[in-house]
Chemist: 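One structure, pasted below without further comment.
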Amino acid sequence: MRPNLLWLDDHQWQQIEPHLPTDVRGKERADDRRVISGILHVLRSGCRWKDCPAGVRSAHDDLQWLCAVG
């Protein structure tokens with residue numbers, strides 16, 4: 001993924017990361033930073049998921065998976 005698709009700088013990510021689950025069983029977790037960056041991209045730009053850059057669209061797929069597994 002291109003680095004310019006990440007909406008969170010390192011300091012912001014360090015504030016969020018401790019609040020994410022770490023003991024997930026089953027399928028390997030998606031890259032949380034990429035998923036959250038994709039969510040922020042859609043919220044900030046107001047675009048539709050299908051209009052997002054390719055790296056962010058795959059984050060939407062990861063988000064759907066995260067929602068499905070709870």
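Computed over heavy atoms, backbone and side chain alike; hydrogens, waters and symmetry mates excluded.
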Chemist: Are the side chains of Asp10 and Arg33 in touch, meaning some heavy atoms are under 4.5 Å apart?
Modeler: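 Result yes, sub-4.5 Å side-chain heavy-atom pair found.
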Chemist: For the atom pair CD1 (Ile16) and NE2 (His11), what is the distance rounded to the nearest 0.5 Å?
Modeler: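 So the gap between those two atoms works out to 10.0 Å.
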Chemist: Rounded to the nearest 0.5 Å, how far apart are CD of Glu17 and CD1 of Ile36?
Modeler: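 Answer rounded to 0.5 Å: 9.0 Å.
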Chemist: Going by the rule side chain to side chain contact (heavy atoms under 4.5 Å, CB included), which residues pair with Gln12 if we only count those two or more places apart in sequence or in a different chain?
Modeler: Leu8, Asp9
